Amino acid sequence: VHAVHQVHPLNWRDENVPFQKFKSKVLPFGSGRSYGDSCLNDGGVLLATENLNRMISFNPATGVIRCEAGVTLAEILDFALPHGFFIPITLGTKLVTVGGAIANDVHGKNHHRAGTFGCHVLRFEILRSDGFRDVCSPLQNRDLYAATIGGLGLTGLITWAEIQLRKVSGPKVDVEMIRFEDLDEYFGLVEESDRDYEHTSAWADYLTDGNFGKGIFLRGNFNNSSQTETRSPRPKNVPFFFPNWCLNDVDMKLFNTMYLYRMASKSIRQTIHYDSFFFPLDVVGCWSRLYGKRGFFQYQFVIPTPAVREGMKEILNRTLKSSVRPYLTVLKTFASKKSPGLLSFPIEGLTVALDFPNQGAPTRALFDEFDRIVASHEGRVYPAKDARMSADSFSKFFPHWRELIPHIDPKFSSSFWRRVTGEMHA
Ligand SMILES: Cc1cc2nc3c(=O)[nH]c(=O)nc-3n(C[C@H](O)[C@H](O)[C@H](O)COP(=O)(O)OP(=O)(O)OC[C@H]3O[C@@H](n4cnc5c(N)ncnc54)[C@H](O)[C@@H]3O)c2cc1C
């Protein structure tokens, strides 16, 4: 995604942002870890929150932390873990900001227990372009609270937020990796694990034998023994968890064989540092370069439970007819816990994230087909990972999207929003 914008750095949470001076639309910018253009504002202004990086208050008895919106989840962990608290949602990277995590209402390996990030946001302050500031919570300014969670940065600038952290004994996680042979076995493991394990997800080998669903199921719980050591492992301790593949089918097969099937036994148990389990990609600097200069797309969708098997079969068949292949597949089952955001992505069902190298037109054509399949099963594609869905697809995935319009700050917009809604609502 190419975009040209002006960057306006913010330094203080109470500063007067000169909104009226900007001739074009503005958009808050966190760490830029969104995969597509939801964090971009081509031709407009990005309000960089990097310097809004201060902790404001912390209650060690309750684990409630208040911090500025540009604080990253990694910084919260560094601060809170020595006090025995962890971030509430275990998404695939800790390098995102609190503002970004709210605006996409991010989810993680513990969705079946904890829901989305928004479920743990007790309150936040929002600054609108007319200079008006207000605090939003589930009880105060409820509509703006719901619109801002998963609101793609369009409802105003979050200056600070208060988050409920989760109590833990230490940095270690007891992990079990279990080989599965097909989707039925995967769902059996989900059913068996969701009751006793806080964190579950899976890596699948999408196309081996033309059969979807072989892979490794990961499940884990925080280790309860008291520990004081909080250092991250060195990258050399991590290779088992990060993909190290290159850009051709031979290497991909090698990766699948070595990585997914190197387990001689059906399952392996380990106690490991949380970084290795939750954030394997964070230890690989510039990992996206593994896909070459043309980069890659991640296509993440969710299909509601009743239609999952049929939907996955159609996606697989469509892929087999195409010349492009995904290099990595991550599966996670979303439970029924409702997201608090108006446009939050998670709904009950199976979410699948497929990493495809960017091969231009054939890749995009395949995604258009996927969109049709996902929409026909009442599923949706994740805006945080998207750089190409059409306005038509967006309105099928989020038929209620117009409910966001009354809450959008007229000075705010993004490249994503203009693309999926048309200039009219930008
Ligand atoms: C390796 C990797 C793994 C990932 N794994 C997951 C995962 O498991 N689950 C998941 O849900 N996502 C995942 N993501 C996506 C990522 O969590 C989201 O895209 C997240 O929103 C990025 O946050 P950010 O701070 O980088 O925000 P940006 O990408 O900079 O911005 C994202 C959105 O937040 C808005 N925003 C940022 N700051 C503010 C603010 N102060 N006020 C109002 N709006 C604001 C922006 O306008 C934009 O709309 C992953 C991304 C990567 C790179």
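Computed from a prediction, not measured in an experiment: that's the story for all the values here. First listed ligand is number 1; within each ligand, the first listed atom is number 1.
- Heavy-atom distances between Gly156 and ligand 1 reach below 4.0 Å in at least one pair.
- Between Thr116 and Asp105, the side chains place a donor N or O and an acceptor N or O closer than 3.5 Å (distance only, hydrogens not considered).
- At least one N or O atom of Gly32, backbone or side chain, sits closer than 3.5 Å to an N or O atom of ligand 1.
- Under the 4.0 angstrom criterion for non-hydrogen atoms, Lys385 is in contact with ligand 1.
- Ligand-side atoms of ligand 1 in range of Asn104: 18 (C), 19 (O), 20 (C), 21 (O), 32 (C), 33 (C), range being under 4.0 angstrom from any heavy atom.
- Comparing Val96, Leu281, Asp282 against atom 23 (O) of ligand 1, the shortest heavy-atom distance belongs to Val96.
- When the options Gly100, Ala48, Gly92, Gly36 are ranked by their closest heavy atom to atom 37 (C) of ligand 1, first place goes to Gly100.
- Under the 30°/60° scheme for interplanar angles, the aromatic rings of Tyr382 and His107 are found to be tilted.
- Those atoms of ligand 1 with a heavy atom of Ala69 less than 4.0 angstrom away are 41 (N).
- Ligand 1 has an N or O atom lying under 3.5 Å from an N or O atom of Ser38, backbone or side chain.
- Residue Ala384 has at least one heavy-atom neighbour below 4.0 Å for each of these atoms of ligand 1: 19 (O).
- A salt bridge does not link Glu198 with Arg113: none of the charged nitrogens is closer than 4.0 Å to a carboxylate oxygen.
- Considering backbone and side-chain N/O of Thr49, none are found under 3.5 Å from N/O of ligand 1.
- Considering backbone and side-chain atoms together, Ala101 places no N or O closer than 3.5 Å to any N or O of ligand 1.
- Aromatic ring orientation, His199 versus Phe277: perpendicular (interplanar angle above 60°, classes split at 30° and 60°).
- Considering backbone and side-chain atoms together, Ile158 places an N or O closer than 3.5 Å to an N or O of ligand 1.
- Between Arg33 and ligand 1, at least one N/O pair is under 3.5 Å apart.
- When heavy-atom distances to ligand 1 are checked against a 4.0 Å cut-off, Phe345 has no atom that comes that close, whether in backbone or side chain.
- For Phe297 and Tyr299, the distance between ring centers is not under 6.0 angstrom.
- Under a 4.0 Å N-O distance rule, the pair Lys396/Asp392 qualifies as a salt bridge.
- By the criterion of a heavy-atom distance under 4.0 Å, the side chain of Leu27, and not its backbone, is placed next to ligand 1.
- Judged purely by distance below 3.5 Å, without hydrogens or angles, the side chains of Thr90 and Tyr274 never pair a donor atom with an acceptor atom.
- Close N/O approach between Leu91 and ligand 1 is not found [any backbone or side-chain N/O within under 3.5 Å].
- Backbone and side-chain nitrogen or oxygen atoms of Gly30 are examined, and one is located within less than 3.5 angstrom of a nitrogen or oxygen of ligand 1.
- In terms of the side chain to side chain contact (heavy atoms under 4.5 Å, CB included) criterion, residue partners of Asn11 (sequence neighbours excluded) are, by chain and number, Glu15, Asn51.
- Heavy-atom proximity to atom 10 (C) of ligand 1, evaluated over Phe416, Phe279, Phe412, Tyr382, is greatest for Tyr382.
- Paired with Thr351 under the rule side chain to side chain donor-acceptor pair (under 3.5 Å), one option of Gln300, Arg380, Lys332 passes, and it is Gln300.
- For Phe296 and Tyr35, the ring centers sit closer than 6.0 Å to each other.
- The closest heavy-atom contact to atom 3 (C) of ligand 1, among the options Leu127, Asp105, Thr93, comes from Thr93.
- Under 3.5 Å, the side chains of Thr72 and Lys94 contain no donor-acceptor pair of N or O atoms.
- Between Phe356 and Phe367, the ring-plane angle classifies as perpendicular under the 30° and 60° cut-offs.
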